[in-house]
Amino acid sequence: MNSSTNYAESVHILGVGNVGRLFAHAIANVPHPPQVTLLLHRESLLDDWEKANQTISLTTGNTISASGEYKVEVLSPSTTDIISNLIVATKATRTASALSAVKHRLNPQSTILLTQNGMGIFPTSKEPTKNPKYHLQDTGTFIEAINTHGIFSNGPFSSILAGRAELTLSSSTGLNETNSALTNLLTSSTILNADTIPYPEFRLRKLEKLVVNACINPLTAIFACKNGELFTQPPIVQLMRLLLSEISQLLQNLPEIRALDPSEDLDVPTRFSIEELELKVLAVADKTAANTSSMLQDVRANRETEIEYITGYLLKRGRECGVDMHFNAQVYDMVQAGRTLKAEDVV
Ligand code: KPL
């Protein structure tokens, strides 16, 4: 660690599913860890926490590591201590309500990291801070993360990091001395493999991650298989290409993409071509081959999936931009209906 660098000293984590556990475990194990507080959304999780010996286990390869010190707090409107650094690790489906439950503890100096899959979580505005629906004005700076690590649960407060990939961080309002304390902390963790990048590039990578999730997550849910098993089956590869042909056309027609300054040299037509998008999807499927996608985990646990924020978001943008998305619509309907298929059923 660099002694002149500013590192966050206290971090609260909202959401103790796989992503929350990954962050908690990673930052509790940096050389000079901050105080890590896990925010529990229901009292009964305290029993699970006791059973887990008040720690978080992360299995990487054959190594189970359970070191790290944590505070836990059950969310309550009567707790008013200010949160200086908040990692929101809830599912996209619960993020807006989870943030509303802690907004009274945030102030303009707070830093809030959003880690969710998908887009359109804050429907009336791209910027949560400007969204009247959630009254998050003056609640601090938002940092966004793109997380491609493949991680699944093997019990309360215990997860398997089945595919170590990377974490990309950025902020639409830029990184400054206050909010970079959190990004400095995250980039100092060897497990997270994190990096910060400028926002124009981040926006494109966020769309690329959306594409990855729009292929891997629903298809693993429909074909009930691990990420690495999907594209070993030619009919599923064909189906992915049909999804990508619609998505590629949509991305190139999005008004915010068309409005990009060509001098920024972001090479949108190549990056959003079917072939390049396919390479991105295959690379993540390969890195996270041993993982069970978050959507398949949700389906198996009978939880609401993030399909609305992934394929649902693409369908909505397709309607706005006049791009036909009927293969993606079929996939969306199948996930919503909980239908499964075998590869040989695809015609
Ligand atoms: O984001 C994921 C998820 O499962 O939600 C990937 C990267 C596809 C890993 O499984």
Side-chain angles (χ1 to χ4, degrees), residues 15-23 25-26 58-61 87-95 113-121 144-154 159-169 191-195 202 204-233 236-237 239-240 243-244 247 277-301 303-314 328 331-332 335-336:
V16 286
N18 293 309
V19 176
R21 293 174 202 166
L22 173 65
F23 276 97
H25 185 279
L58 191 73
T59 307
T60 324
I87 298 180
V88 187
T90 48
K91 284 284 166 68
T93 45
R94 306 188 54 145
T95 298
L113 175 72
L114 299 173
T115 65
Q116 287 63 36
N117 276 338
M119 291 175 88
I121 294 170
E144 296 172 56
I146 301 168
N147 171 28
T148 51
H149 293 292
I151 179 157
F152 65 93
S153 176
N154 64 338
S159 291
I160 299 188
L161 181 57
R164 190 168 164 272
E166 62 241 3
L167 186 76
T168 310
L169 303 162
I191 299 173
L192 289 177
N193 196 17
D195 211 353
F202 183 88
L204 295 193
R205 291 211 206 162
K206 181 113 181 123
L207 286 168
E208 286 166 346
K209 172 72 190 322
L210 181 71
V211 179
V212 166
N213 285 130
C215 291
I216 296 180
N217 294 27
L219 295 182
T220 49
I222 292 170
F223 294 99
C225 65
K226 289 203 182 276
N227 296 0
E229 290 160 358
L230 262 186
F231 305 120
T232 56
Q233 315 196 56
I236 306 183
V237 175
L239 181 53
M240 168 192 56
L243 299 180
L244 287 178
I247 298 173
L277 293 175
E278 178 173 334
L279 290 176
K280 288 264 157 14
V281 175
L282 296 181
V284 176
D286 190 45
K287 269 196 182 163
T288 63
N291 197 39
T292 302
S293 79
S294 56
M295 196 169 283
L296 180 54
Q297 292 180 64
D298 286 340
V299 167
R300 287 186 170 152
R303 285 187 300 252
E304 189 183 354
T305 71
E306 293 180 316
I307 193 77
E308 202 55 58
Y309 301 93
I310 299 175
T311 310
Y313 177 82
L314 292 170
N328 283 278
V331 160
Y332 172 91
V335 172
Q336 290 291 42

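Read the numbers this way: they start at 1 and go in the same order the structure lists the ligands and their atoms. Side chains included, hydrogens not; waters and symmetry mates left out as well; all remaining heavy atoms used. Counting from 1, the numbers follow the sequence of the chain as shown.
E304 has no carboxylate O lying under 4.0 Å from a charged side-chain N of R94, or vice versa, which leaves the two without a salt bridge.
Side-chain contact check for E306 and N213: no donor-acceptor pair (N or O, by modelled atom type) lies under 3.5 Å.
Contact between N117 and N217 at its shortest, heavy atoms only, is ND2-ND2, 3.9 Å.
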Using a cut-off of under 3.5 Å, which N/O atoms of ligand 1 pair up with protein N/O atoms, and what distance separates each pair?
from	atom 1	to	atom 2	distance (Å)
ligand 1	1 (O)	K209	NZ	3.4
ligand 1	1 (O)	N213	ND2	3.1
ligand 1	4 (O)	S294	N	2.8
ligand 1	4 (O)	S294	OG	3.4
ligand 1	5 (O)	N117	ND2	2.8
ligand 1	5 (O)	N217	ND2	3.1
ligand 1	5 (O)	S294	OG	2.5
ligand 1	10 (O)	N227	ND2	2.9
ligand 1	10 (O)	N291	ND2	2.9

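For D298, the side-chain contact (heavy atoms from CB on, under 4.5 Å) criterion is met by K91, R303, T305, not counting sequence neighbours. In this view, Y332 satisfies the ring-ring contact (aromatic ring centres under 6.0 Å, His included) rule with no residue, not counting sequence neighbours. In this view, K209 satisfies the salt bridge (charged side-chain N to carboxylate O under 4.0 Å, His left out) rule with no residue, not counting sequence neighbours.
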